[in-house]
There are 2 protein chains.
Amino acid sequence: MRAYPHPNIDDVAVEHVLHALSDPIRLDIVHHLVREGEASCATLDGGRPKSSMSHHFRVLRSSGLVHTRIAGVQHMNTLRREELDRRFPGLLDAVLNAKSQG
Amino acid sequence: MRAYPHPNIDDVAVEHVLHALSDPIRLDIVHHLVREGEASCATLDGGRPKSSMSHHFRVLRSSGLVHTRIAGVQHMNTLRREELDRRFPGLLDAVLNAKSQG
DNA sequence: GCTATTGTTCGAGTATATTCGAACTATCGA
DNA sequence: TCGATAGTTCGAATATACTCGAACAATAGC
């Protein structure tokens, strides 16, 4: 594996971003990345099978939410925050600030 | 039919709102409601079958996005804007302001 | 080169969504 | 009451998503 494809942020549709964020596991990953910054896939798996997580990271990448950098044997993920804030002002903040029922 | 059930806004999870908005047809409906205010189902169907639209309105209602009022033979829909803005500050605005790729 | 580690890809199984015709319900007006 | 209108509900077909084991690829360290 020799580096991931990442979409240009201007090519991602808001529907795809919303869909990516509508899954609880992926929303968890995003929250985690906000708190901790860069993190490997293993750090973010929450005990789930690697193949499942690989699927979720792919969705997060293809929707422009996450950037994955290969560092040796680990794949390090970051939120594409500045780009997303430019492309969809206020969206990420609003989602991240949404409290669970209450 | 004697009035629809609408969830309490505090009981809706952000994941459900995001999922509801991630469908292009439903996002269209929401945009339409923002521009035009209250509208009947027929006004919003875009030529699609009524049974399909009925499904989408149900999703929009169950996620707390839309309120449906029965007025004679028509079912009039409105966005639950103030409630949503209180529950998820900035979310609806951010989604509505998202420009399609450009 | 061998081995352990990290993560991908493939394929199949299951679950959830979407679509839409057909039959139905409710209301309005004549 | 009859007919037209606006939507719902049901059921089935199809599509899309999620889950996860098994096999694979790439790197690091010895």
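Computed from a predicted model, the values in this text were never measured in an experiment. Lettering follows sequence order; numbering is per chain, from 1.
The NE2 atom of His16(B) sits 12 Å away from the C1' atom of dT16(C) (whole-angstrom rounding). Taking atom NE2 on His19(A) and atom C1' on dA17(C), their separation rounds to 10 Å, with Å as the unit. Rounded to whole angstrom, the span from the NE2 atom of His75(A) across to the P atom of dA25(D) amounts to 14 Å. When the C1' atom of dT27(D) is taken as reference, atom CD1 of Ile70(A) falls 10 Å away, rounded to whole Å. Going from atom CG of Asp45(A) over to atom P of dT5(C) covers 15 Å, rounded to whole Å. In this structure, NE2 of His55(A) is placed 12 Å from C1' of dA15(C), rounded to the nearest angstrom. At whole-Å resolution of the value, NE2 in His56(B) and C1' in dT8(D) are 15 Å apart. In this structure, CG of Leu44(A) is placed 12 Å from P of dT8(C), rounded to the nearest angstrom.
Toward the 5' end of DNA chain C, the nearer of the two residues Thr68(A) and Ala71(B), judged by each one's closest nucleotide, is Thr68(A). Both Gly72(A) and Arg26(A) lie near DNA chain D, and the one whose nearest nucleotide falls closer to the 5' end is Arg26(A).
Closest approach to the Ile25(B) side chain among dT5(D), dG7(D), dT19(C) is made by dT19(C) (side chain taken as heavy atoms from C-beta onward). Among dC20(D), dT18(C), dG7(C), the nucleotide with an atom closest to any side-chain atom of Ser51(A) is dC20(D). For Lys50(B), the listed nucleotide lying nearest its side chain is dA6(D); candidates were dT8(C), dC18(D), dA6(D). Among the nucleotides dG7(D), dT5(D), dC18(D), the one closest to any side-chain atom of Gln74(B) is dG7(D). Taking every side-chain heavy atom of Val73(B) into account, dT27(C) is the closest of dG7(D), dT27(C), dA26(D). Which of dG7(C), dT19(D), dT18(C) sits closest to the side chain of Val59(B) comes down to dT18(C). Comparing dG21(C), dG7(D), dC18(D) by their nearest atom to the side chain of Pro49(B) picks out dG21(C). Proximity note for Ser52(B) (side chain, C-beta onward) versus dA6(D), dC20(C), dT8(C): the nearest is dC20(C).
For dT8(D), one of the phosphate oxygens OP1 or OP2 lies less than 4.0 angstrom from a side-chain nitrogen or oxygen of Tyr4(B). Within the structure, a side-chain polar atom (N or O) of Ser40(B) is placed less than 4.0 Å from OP1 or OP2 of dG7(D).
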- Task: Apply side-chain hydrogen bond (donor to acceptor under 3.5 Å, both in side chains) to Ser51(A) and Ser54(A), showing your working.
- Result: CA-CA 5 Å; Ser51(A) 51; Ser54(A) 201; over 6 Å; no

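If you look at Tyr4(B) and His67(B), their ring centroids are not closer than 6.0 Å.
Between Asp93(B) and Arg81(B) a salt bridge is recorded (basic side-chain N to carboxylate O distance below 4.0 Å). Salt bridge Arg80(B)/Glu83(B): present, at least one basic N to carboxylate O contact under 4.0 Å.
Other residues, nucleotides and ligands contribute only 12 or fewer heavy atoms inside 6.0 Å of the NE2 atom of His16(B).
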